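For reference, the structure discussed in these notes is given below.
Keep in mind it's a predicted model, so treat the numbers as computed, not measured. Residue indices begin at 1 and follow the sequence shown.
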Amino acid sequence: VAMRLSLLLSSLLIALAGCGPAATPPGATTETPVATTAKEAPGEQLAASYAAFWEEALTLNPLMATQLGDPRYNDRLPNMLSPAYREQEREFHQRHLDAVRAIGSEGLDAQDLLSYQIFVRDREVDLEDLDFPTHLLPINQFYNLANFVTMQGAGTNAQPFKTVADYDAWLARAGLVPVLFDQAIANMREGMTQGIVQPRVLMEKVLPQLDQQIVAKAEDSVLWGPIAKLPEDFSAEDRTRLTAAYTALVMDTLQPAYAKLRAFIADEYLPATRDSVGLGALPGGPEWYAYLVRSRTTTALSPEEIHAIGLAEIERIHGEMRKLMASTGFEGSLQDYFKAMKADPKQYFASREELLASYQGVRATVDPLLPKLFSVKPKADFEIRLVEPFREASSSSGSYQGPPQDGSRPGIFYVNAYDLKARPRYAMESLYLHEATPGHHFQIALQRELTELPAFRRFGGETAYNEGWGLYAESLGKELGVYTDPAMYFGALSAELWRSIRLVTDTGIHAKGWTRQQVLDFMYANSAVEPAVAISEAERFMAIPGQALAYKIGELKIRELRTRAEKALGPKFDLRAFHTEVLKDGSLPLGVLEAKIDRWIAAQAG
């Protein structure tokens with residue numbers, strides 16, 4: 001489980017952080033158990049250690065607990081950017097790593113061995129992450145603390161607003177937001193002294209995001225949502241009290257904090273930002289980026305190797321696009337084809353409502369087809385929502401948020417309706433397969449339903465596996481029975497092409513010193529992307545180095561393992577069984593996944 005602030009916010013936003021160290025609730029422990037008796041098997045000892053780790057992790061990171069549907073710490077907001085918190089994290093990960101290593105892996109097999117391998121690797125990655133100054137870059141246009149507060153306080157996200165206690169919990173949590181904002185300002189000032197600052201182009205996008213949170217009266221704030229929807233069964237006394245308290249929260253606590261943060265960024269931070277856009281331009285940046293590449297992809301690949309893979313994949317996919325052009329009788333160059341697809345008025349939605357309804361229609365088409373390729377599916381349902389207006393301009397085209405452990409809400413597939421000209425109809429089917437079924441909803445919801453697994457595996461995950469599965473799910477369209485419209489298949493190839501372009505541009509930005517314009521020029525020359533998406537994506541790569549590499553690297557590994565199994569098993573190969581094997585143990589580092597599939601192939605062959 002990655003405990004860093006940037007990774008937490010990633011999980012809270014996709015699509016997704018005063019008071020010093022988090023207090024320990026009654027019944028929790030900060031003592032890591034070790035072997036208590038010689039009769040206790042290593043697997044049982046490790047299970048106890050994992051359970052203690054997870055319980056302490058939730059107290060250390062109460063935002064994660066809320067996201068997962070555990071309500072015990074909904075009133076807490078530790079100062080996750082402070083030096084004291086970072087040291088607490090380091091001690092936490094090292095102590096639990098030492099305890100698990102002391103038990104060791106001898107004699108473990110199946111799930112116990114997978115859990116050991118994943119736990120040790122995750123703790124090593126988290127400890128290495130703390131060696132880099134992530135905390136000095138706490139805000140950008142993609143991860144904006146103000147947006148996070150707004151999402152949680154709007155009454156439509158993970159923070160619950162069903163009972164009076166829920167409302168009081170948010171009052172307590174949101175009351176600590178100014179401490180976190182002040183720490184972000186202090187950290188950015190420290191970054192200015194060390195020459196570790198964000199690119200100017202990213203921080204210019206933060207100011208209008210903050211402006212949307214600064215209002216003349218409480219009723220105009222998105223944070224007024226819970227009061228506008230006060231449950232009817234609340235007493236008159238509670239309704240009066242909470243209305244007054246939320247008015248004070250928005251106007252007297254949060255508005256000044258937003259205004260202070262905005263003023264700092266506009267007046268002090270922007271003049272100190274940099275014209276360069278890559279991590280490699282910062283002190284220690286090349287080493288930092290190399291670490292992010294390893295951790296995001298769960299491989300030993302270097303930025304140079306990934307750059308070369310991206311170029312080769314772009315060439316291959318361009319070849320597939322030329323075959324599609326020929327099959328439709330189109331005459332002209334690939335760029336002519338891109339232009340013709342973009343110029344077709346039938347490929348665009350007339351309204352946000354039509355876009356949302358069309359995605360609902362894709363669901364009605366795809367879901368009955370899934371049993372052809374899958375024998376497992378999650379119990380949890382999901383719904384399709386539009387990205388909220390306050391964050392849509394800087395959000396990706398789609399994202400998924402998994403269901404909480406208590407089943408209180410379904411999973412959510414967010415689809416972006418900002419700038420409808422940038423959201424062509426031909427992208428629908430592939431985006432749906434990636435974010436919903438059989439993509440992220442299948443993978444994440446199924447994982448959370450694996451109650452026999454340690455909690456750190458049920459609710460954790462590796463980006464390369466998760467996003468690799470999403471992209472692999474896109475590749476199943478023809479086998480499922482969609483992509484029958486050539487335009488939709490063009491959209492699927494475009495989506496795969498885009499993930500390959502990411503390999504080239506992300507490494508170009510952060511390892512080769514590419515400028516923002518070089519990145520945009522490469523995108524326009526090699527794809528049909530609209531400027532709104534190209535700019536948003538290019539700046540996303542600048543904001544979260546290495547994350548965009550995970551998609552294609554993960555998909556290539558899953559596809560490689562499928563091909564290996566098909567060749568080794570011949571007529572014995574069962575695609576539904578292969579998919580079950582990939583999904584049934586949850587998210588894994590790619591090396592661990594490969595070893596597991598190799599064992600499965602051997603068992604099937606024998």
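Within the 3.5 Å criterion, the main-chain N or O of Phe541 finds a donor-acceptor partner in the side chain of His510. Of the possible polar contacts, none joining the Gln209 side chain to the Ala146 backbone as a donor-acceptor pair under 3.5 Å is found. Between the side chain of Arg576 and the backbone N or O of Leu373, no donor-acceptor pair lies under 3.5 Å. A distance-only check finds a donor-acceptor pair linking the side chain of Lys596 to the backbone of Glu581 [under 3.5 Å]. Panel note: side chain Thr328, backbone Met325; a donor-acceptor pair is recorded below 3.5 Å. Using a distance-only test at 3.5 Å, with no hydrogens or angles considered, no donor-acceptor pair links the side chain of Glu383 to the main chain of Pro410. Formation of a donor-acceptor pair under 3.5 Å by the Lys552 side chain with backbone atoms of Ser500 is not found in this model. At least one donor-acceptor pair closer than 3.5 Å links the side chain of Gln198 to the backbone N or O of Ile139.
Thr437 has its side chain within reach of Tyr432: a pair of non-hydrogen atoms, C-beta onward, lies under 4.5 Å apart. Within the 4.5 Å cutoff, side-chain heavy atoms of Leu575 are placed close to those of His579. Looking at Ile118 and Leu588, their side chains come closer than 4.5 Å, going by heavy atoms from C-beta outward.
The only member of Arg316, Lys323, Arg322 that meets salt bridge (Lys or Arg N to Asp or Glu O under 4.0 Å) when paired with Glu320 is Lys323.
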Could you give me the CA-CA distance, side-chain angles and deciding distance for Tyr400 and His441, then say whether ring pair (Phe, Tyr, Trp, His ring centres under 6.0 Å) is met?
-> CA-CA 7 Å; Tyr400 175 79; His441 179 63; 5.7 Å; yes
Take Trp469 and Tyr472, measure what ring pair (Phe, Tyr, Trp, His ring centres under 6.0 Å) needs, and give me the verdict at the end.
-> CA-CA 5 Å; Trp469 175 261; Tyr472 173 78; 5.3 Å; yes
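In this structure, Arg363 is not positioned above the aromatic face of Tyr359 in the sense of NZ or CZ being under 6.0 Å from the six-membered ring centre and within 45° of the axis.
Salt bridge status for Glu392 with Arg352: present, with a side-chain N to carboxylate O gap under 4.0 Å.
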